[in-house]
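Every heavy atom of this structure was used, including side-chain atoms; hydrogens, water molecules and symmetry mates were not. We count residues from 1, following the sequence as given.
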Amino acid sequence: MALSRRTLLGLAAAVPVSAALAACGGSSGPGKGGAATYWYLNGQPQEGVRAGAVDAFNKAHPDTQIEDTTYQNDAYKTKIKTAIGAGQAPTVIWGWGGGTLRAYAEAGQVEDLTPWFDENPDVKKGLFPSSFGAATVDGRIYAMPCETVQPIILYYNKRVFDRVKVDPPETWDDIMALVPKFNAKGIAPFALGGQSRWTNMMWLEFLFDRIGGPEVFQAAIEGEKNAWSHPDAIKALTALQDLVKADGFVKGFSSITADSNADQALLYTDRAAMMLHGAWSYGIQKADGGDFVSSDSLGFMTFPAVEGGKGDLSNTVGNPAQYLSVSAKASAEQKKIAKDFFATGVLQEEEVKQWIGNGSVPIRLGTEKLLAASDNAEFLQFTYDIASKAKVFVQSWDQALSPTAAETLLDNIVKLFQLSISPQQFASNLNAVTAA
């Protein structure tokens with residue numbers, strides 16, 4: 001998977017993934033003369049917004065330019081890693097924060113931005129507080145949060161709920177009680193593109209939080225011994241397998257991919273009642289689902305409570321933002337240009353309007369009026385409220401963990417869903433790759 005694919009799909013994903021991922025070349029390395037360089041992902045509509053922000057900054061600063069280069073997502077991941085390792089990184093490094101950022105920070109490859117944020121408090125005050133967690137390593141900020149927020153949301157098909165004469169779930173017990181009712185009517189309780197692996201992960205992210213609170217996963221990130229064997233972690237893993245055993249997911253979910261949007265189609269064609277998916281799913285259903293969204297047949301809510309659980313209902317999971325870092329190898333002049341871009345070029349009014357026009361929620365505070373005026377006002381306000389009011393916003397696990405641990409996580413989640421390993425085996429396998 002990658003988080004990047006979810007970002008590329010975006011909320012208004014009318015562009016086929018193959019087209020969105022078409023590569024675009026460009027210059028690389030530290031930059032010509034005193035110009036700062038900036039690499040980021042291509043694919044519309046996001047690429048156009050990113051390019052527009054650079055163009056606006058360059059027009060306003062004719063003497064200090066930013067040279068931007070775009071890359072297809074998998075190519076970018078390889079190229080940026082190689083460039084940083086070789087001391088040839090662009091001045092501005094676009095990324096996802098979390099485990100990869102930690103690796104860069106610990107190797108001294110990205111600038112500590114904490115003093116800059118202290119000197120520019122208004123920049124920090126203008127962004128969702130929840131966006132800074134994945135930008136922070138050992139209490140220091142190494143990245144500028146940017147772009148949009150993408151929490152994971154529980155979607156449901158109101159037509160199907162009306163047909164079966166049931167109400168949306170308020171608790172985990174409600175979810176388990178709904179499963180046989182939908183199955184009895186030949187409707188899959190939950191759509192799931194399980195072959196994509198990261199789609200399965202979203203379930204565990206919420207169950208860990210709702211049962212044990214955010215501290216359980218935080219212990220794993222921090223490398224505490226046997227963190228994955230915490231009693232609440234085992235409870236969450238067991239609850240997930242209970243749902244699988246009860247036929248909670250569409251038959252054949254392990255062979256369905258999220259890239260094809262087949263999981264989305266199950267929901268809007270009334271073959272599934274519910275689906276746990278990212279905020280970007282709304283735009284896909286609007287683009288592909290006929291009148292599903294316009295007829296008010298799509299419902300959305302946050303993940304329900306688990307009885308006796310410790311997690312706050314405001315807690316959420318997903319992509320708190322995207323992130324920009326400054327290469328430690330850049331010249332003093334290039335670093336200054338990058339920081340000027342962060343202060344006056346990132347999430348300015350025009351960029352904010354473009355993200356909202358694409359059906360996304362930018363991470364800038366105070367956009368309620370713009371969201372309210374949008375065609376997607378109800379959903380965008382819902383997403384804004386989740387992100388801006390979250391007590392804790394846990395980053396997607398496969399980005400929060402180191403790349404090696406993330407791969408082990410995704411492989412074992414597939415086995416957990418296929419019931420080929422027990423909760424205890426899952427915990428043991430993850431403890432082996434995350435313990436300090």
Side-chain angles (χ1 to χ4, degrees), residues 7 35-40 46 49-61 63-66 68 89-98 101-102 104-105 109-150 319-328 330-356 360-371 383-384 387-390 392-393 395:
T7 306
T37 51
Y38 173 24
W39 299 354
Y40 53 82
Q46 294 86 349
V49 185
R50 292 169 188 142
V54 174
D55 290 345
F57 179 83
N58 284 342
K59 279 177 189 158
H61 301 80
D63 299 327
T64 54
Q65 297 290 286
I66 294 176
D68 55 344
T91 314
V92 179
I93 301 164
W94 188 99
W96 298 272
L101 180 65
R102 172 175 285 276
Y104 294 158
Q109 292 162 328
V110 290
E111 184 100 338
D112 181 352
L113 297 175
T114 313
W116 182 81
F117 276 109
D118 289 343
E119 292 162 13
N120 296 272
D122 288 347
V123 175
K124 189 174 183 184
K125 282 180 194 163
L127 304 176
F128 287 175
S130 57
S131 68
F132 280 88
T136 304
V137 178
D138 298 332
R140 310 292 291 179
I141 302 171
Y142 286 91
M144 166 82 176
C146 65
E147 300 190 3
T148 62
V149 66
Q150 298 165 330
N319 305 356
Q322 290 73 54
Y323 296 91
L324 302 176
S325 297
V326 178
S327 170
S331 69
E333 185 182 355
Q334 289 169 331
K335 288 177 182 178
K336 182 179 185 308
I337 295 170
K339 291 170 184 175
D340 286 348
F341 179 60
F342 292 175
T344 66
V346 173
L347 284 176
Q348 300 305 302
E349 190 174 355
E350 188 53 39
E351 183 189 346
V352 165
K353 286 178 180 172
Q354 286 184 16
W355 286 123
I356 292 172
S360 306
V361 173
I363 61 161
R364 180 163 288 289
L365 291 166
T367 60
E368 293 94 333
K369 284 184 182 173
L370 289 171
L371 297 173
T383 306
Y384 180 93
S388 60
K389 295 174 182 175
V392 176
F393 194 136
Q395 186 185 26

[X] versus [Y], closest heavy-atom pair with distance:
X      : Y      : value
Ile141 : Thr114 : N-OG1, 2.8 Å
Gly345 : Phe57  : CA-CD1, 4.2 Å
Gln354 : Val49  : OE1-CA, 3.4 Å
Leu347 : Pro362 : CD2-CB, 4.0 Å
Asp68  : Ala51  : OD2-CA, 4.2 Å
Glu351 : Ala53  : OE1-CB, 3.7 Å

Review point. Is the side chain of Asn58 donor-acceptor paired with the backbone N or O of Ile66 at a distance under 3.5 Å, no angle test?
Key: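 Side chain of Asn58 to backbone of Ile66: a pair is present.
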Check your understanding: Between the main-chain N or O of Leu370 and the side-chain N or O of Thr367, is there a donor-acceptor pair closer than 3.5 Å?
Key ->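 Looks like no, no N/O pair under 3.5 Å.
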Exercise for review: Indicate yes or no: does Asp340 engage Lys336 in a salt bridge with an N to O separation below 4.0 Å.
Suggested key: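 Between Lys336 and Asp340 there is a salt bridge, with a charged N closer than 4.0 Å to a carboxylate O.
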Check your understanding: Distance from Gln348 atom CD to Phe341 atom CZ, nearest 0.5 Å?
Key ->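 The CD atom of Gln348 sits 9.0 Å away from the CZ atom of Phe341.
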Point to revise | Interatomic distance, Thr91 atom OG1 to Glu111 atom CD [nearest 0.5 angstrom] | key: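 Going from OG1 on Thr91 over to CD on Glu111, the span is 11.0 Å.
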Review point. Hey, does Arg102 have a side-chain heavy atom less than 4.5 Å from the side chain of Asp138?
Key: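 Asp138 reaches Arg102 side chain to side chain.
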Point to revise | Criterion side chain to side chain contact (heavy atoms under 4.5 Å, CB included) against Trp94, the qualifying member of Trp39, Tyr323, Tyr38 | key: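 It is Tyr38, the one option of Trp39, Tyr323, Tyr38 that forms the side chain to side chain contact (heavy atoms under 4.5 Å, CB included) with Trp94.
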Review point. Any chance the rings of Phe128 and Tyr384 have centres within less than 6.0 Å?
Key: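 Centroid distance Phe128-Tyr384: below 6.0 Å, so yes.
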Check your understanding: Is the count of non-hydrogen atoms from other residues, nucleotides or ligands lying under 6.0 Å from Glu349 atom CD greater than 12?
Key ->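 Open: at most 12 neighbouring heavy atoms sit under 6.0 Å from CD of Glu349.
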